[in-house]
Protein chains: 2
Amino acid sequence: MNKDSISRAVVKRLPRYHRYLGELMESGVERISSGDLSQRMNVTASQIRQDLNNFGGFGQQGYGYNVEYLYTEIGKILGVDKKHGMIVIGAGNLGQAIANYTNFEKRGFVVKGLFDKNEALFGKKVREIEVLPMTQLKEFIADNNIEIAALTLPKHEAVKVAEEIVGYGIKAIWNFAHTDLQLPKEIVIENVHLSESLMRLSYNLTRNNR
Amino acid sequence: MNKDSISRAVVKRLPRYHRYLGELMESGVERISSGDLSQRMNVTASQIRQDLNNFGGFGQQGYGYNVEYLYTEIGKILGVDKKHGMIVIGAGNLGQAIANYTNFEKRGFVVKGLFDKNEALFGKKVREIEVLPMTQLKEFIADNNIEIAALTLPKHEAVKVAEEIVGYGIKAIWNFAHTDLQLPKEIVIENVHLSESLMRLSYNLTRNNR
DNA sequence: AAAACATTGTTTAATTTTTGACAAATATAT
DNA sequence: ATATATTTGTCAAAAATTAAACAATGTTTT
């Protein structure tokens with residue numbers, strides 16, 4: 001009744017608070033009020049205060065919030081204070097982009113392996129990460145404490161691979177395939193459906209200008 | 001009062017309906033009821049009916065919805081019945097992935113140009129699309145009827161480039177940079193913040209299993 | 001040290017979104 | 001041709017989300 005009472009809408013906003021606080025830190029800002037932050041983020045101050053209060057009182061009356069402290073606390077809530085082992089399955093451009101993106105690593109998401117079924121790619125390296133054959137998935141996941149798998153492959157393969165790796169103990173799937181995965185409910189699924197994003201853009205483009 | 005009365009939540013769901021209807025079409029299904037679709041999509045039938053009715057009555061009592069007709073109509077609403085000229089700015093892995101992804105083209109989003117500031121990439125081709133220098137942006141946008149720009153570059157560059165191309169007549173920005181763009185309100189902005197997506201995953205991973 | 005000011009945490013109200021219910025309309029079966 | 005079953009579109013109720021209001025509390029100024 002505690003952890004599950006946090007609404008999805010709130011969780012959706014947390015990373016954005018984290019990002020803004022990180023930027024404030026970089027700019028050397030030490031404290032900020034909900035009112036000030038609300039203006040920068042283009043949301044209401046009330047929403048900020050209420051969102052934060054789902055997790056505890058991080059501020060102080062008359063003062064506001066300590067930027068660094070709040071950043072750290074939200075980081076803990078989001079779980080970016082811990083390291084998370086990750087693999088990328090599908091070593092196309094998108095898979096490589098993710099493996100290459102060092103910013104994820106800064107937040108504790110460490111890409112340890114990159115997999116593909118295409119032999120031509122085996123041995124190719126992205127940063128220090130070598131492309132491995134799918135046959136090594138099981139062993140690799142077990143040996144390297146992998147929690148998260150990013151699936152950057154065509155939808156039909158994604159469905160099969162997802163079921164396979166769930167059997168190997170994967171806990172969360174970052175799904176870039178254009179399909180919904182049907183998996184046991186204890187598996188965390190986060191979808192990135194780029195087509196849908198582009199269609200929303202298209203909708204707004206179509207409606208805005210006519 | 002008509003076009004703007006459609007809630008954001010509804011718009012967010014439309015592409016998913018479109019996807020499911022497309023898959024039904026491929027499987028040769030000709031008609032479907034809201035109840036049947038609701039089970040497949042894991043939403044309520046009521047929501048489907050109400051969402052669709054924002055745009056008109058597409059179904060028939062006692063029969064349901066004609067799959068192909070509904071697919072087409074939602075496509076029109078989303079604006080995927082028309083072609084949209086698009087460029088990708090930032091020819092890294094992510095930019096190349098988008099330029100490569102032929103599925104977007106099927107829905108009318110035609111990538112006509114790929115831009116980068118890195119000379120080493122000039123002339124490199126992704127499919128038929130050549131990497132061009134940023135200095136040609138203005139002319140290219142004007143000459144090729146470009147509406148949409150996907151920004152796949154670091155945040156500080158993204159901010160600058162966004163402001164620049166808005167001056168060249170770009171109507172919509174598909175923003176992959178980890179920052180919010182501050183642009184005139186008539187410019188459509190669709191953000192794809194992968195870091196935030198990954199943090200939401202992390203949140204659920206952290207909370208679910210403890 | 002006192003007064004004035006700022007700002008949170010929290011309660012209450014307003015708004016939005018989702019769900020449930022059902023009459024009206026159509027399709028299918030007999 | 002009639003009766004039965006299905007299913008929409010829409011209205012009303014319920015739930016969730018967002019915004020406003022404000023007392024309590026700490027900060028800053030004088």
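Letters go in sequence order (proteins before strands), and every chain restarts at 1. In this text, all values refer to a predicted model and were calculated from it rather than measured experimentally.
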- request: Return the residues of residues 14-27 of chain A meeting this criterion: a heavy atom under 4.0 Å from some atom of DNA chain D. Order them by number, or give none.
  value: none
- line: From the list A:R16, A:R19, A:K12, salt bridge (Lys or Arg N to Asp or Glu O under 4.0 Å) partner of B:E196 resolves to A:R19
Pairwise distance OG(A:S46) to CG(A:D51) - rounded to 0.5 angstrom: 9.0 Å
Nearest atoms (heavy-atom pairs only) where A:I173 meets A:A162: CD1-CB, 3.9 Å
- request: Compute the centroid of each ring, for A:F115 and then for A:F140, and state whether the two points are separated by less than 6.0 Å.
  value: yes
Could you go through residues 148-160 of chain A and list every donor-acceptor pair under 3.5 Å that involves a side-chain atom there, pairing it with any protein atom two or more places apart or in another chain?
{"unit_1": "A:T152", "atom_1": "OG1", "unit_2": "A:I89", "atom_2": "O", "d": "3.2"}
{"unit_1": "A:T152", "atom_1": "OG1", "unit_2": "A:G90", "atom_2": "O", "d": "2.7"}
{"unit_1": "A:E157", "atom_1": "OE2", "unit_2": "A:K117", "atom_2": "NZ", "d": "3.4"}

For A:H84 against B:S202, the heavy-atom pair lying closest together: NE2-OG, 3.6 Å
- request: Tell me, with the steps shown, if A:F104 and B:L194 meet side-chain contact (heavy atoms from CB on, under 4.5 Å).
  value: CA-CA 9 Å; A:F104 296 145; B:L194 294 182; 4.0 Å; yes
task: Calculate the interatomic distance between B:F58 atom CZ and D:dG9 atom P; express it in whole Å.
output: 9 Å
field: Residues B:V11, A:R207; criterion side-chain contact (heavy atoms from CB on, under 4.5 Å); working and verdict
entry: CA-CA 11 Å; B:V11 174; A:R207 300 269 144 169; over 6 Å; no
- line: Nearest heavy-atom approach of B:L132 to B:Q136 is CD2-OE1, 4.0 Å
message: Within the 3.5 Å criterion, strictly below it, is a donor on B:Y20 or A:D180 matched to an acceptor on the partner's side chain?
response: yes
Stretch residues 63-77 of chain A: residues that reach within less than 4.0 Å of DNA chain D through a heavy atom: A:Y63
Outermost DNA chain C nucleotides near chain A [under 4.0 Å, heavy atoms]: C:dA6 to C:dT11
message: Please classify the nucleic acid contact of B:R31 as base, sugar-phosphate, or nothing, using heavy-atom distances under 4.0 Å.
response: sugar-phosphate
message: Whether the side chain of B:N175 engages the backbone of B:A177 through a donor-acceptor N/O pair (distance < 3.5 Å, no angle test) should be reported.
response: yes
query: Parallel under 30°, tilted from 30 to 60°, perpendicular over 60°: which one fits the rings of B:H193 and B:H178?
result: perpendicular
message: Tell me which residues in residues 34-49 of chain B lie within less than 4.0 Å of DNA chain C, going by non-hydrogen atoms.
response: B:T44, B:S46, B:Q47, B:R49
message: Can you pull out every ring-ring contact (aromatic ring centres under 6.0 Å, His included) where at least one residue sits in residues 41-63 of chain A? Sequence neighbours excluded, please.
response: none
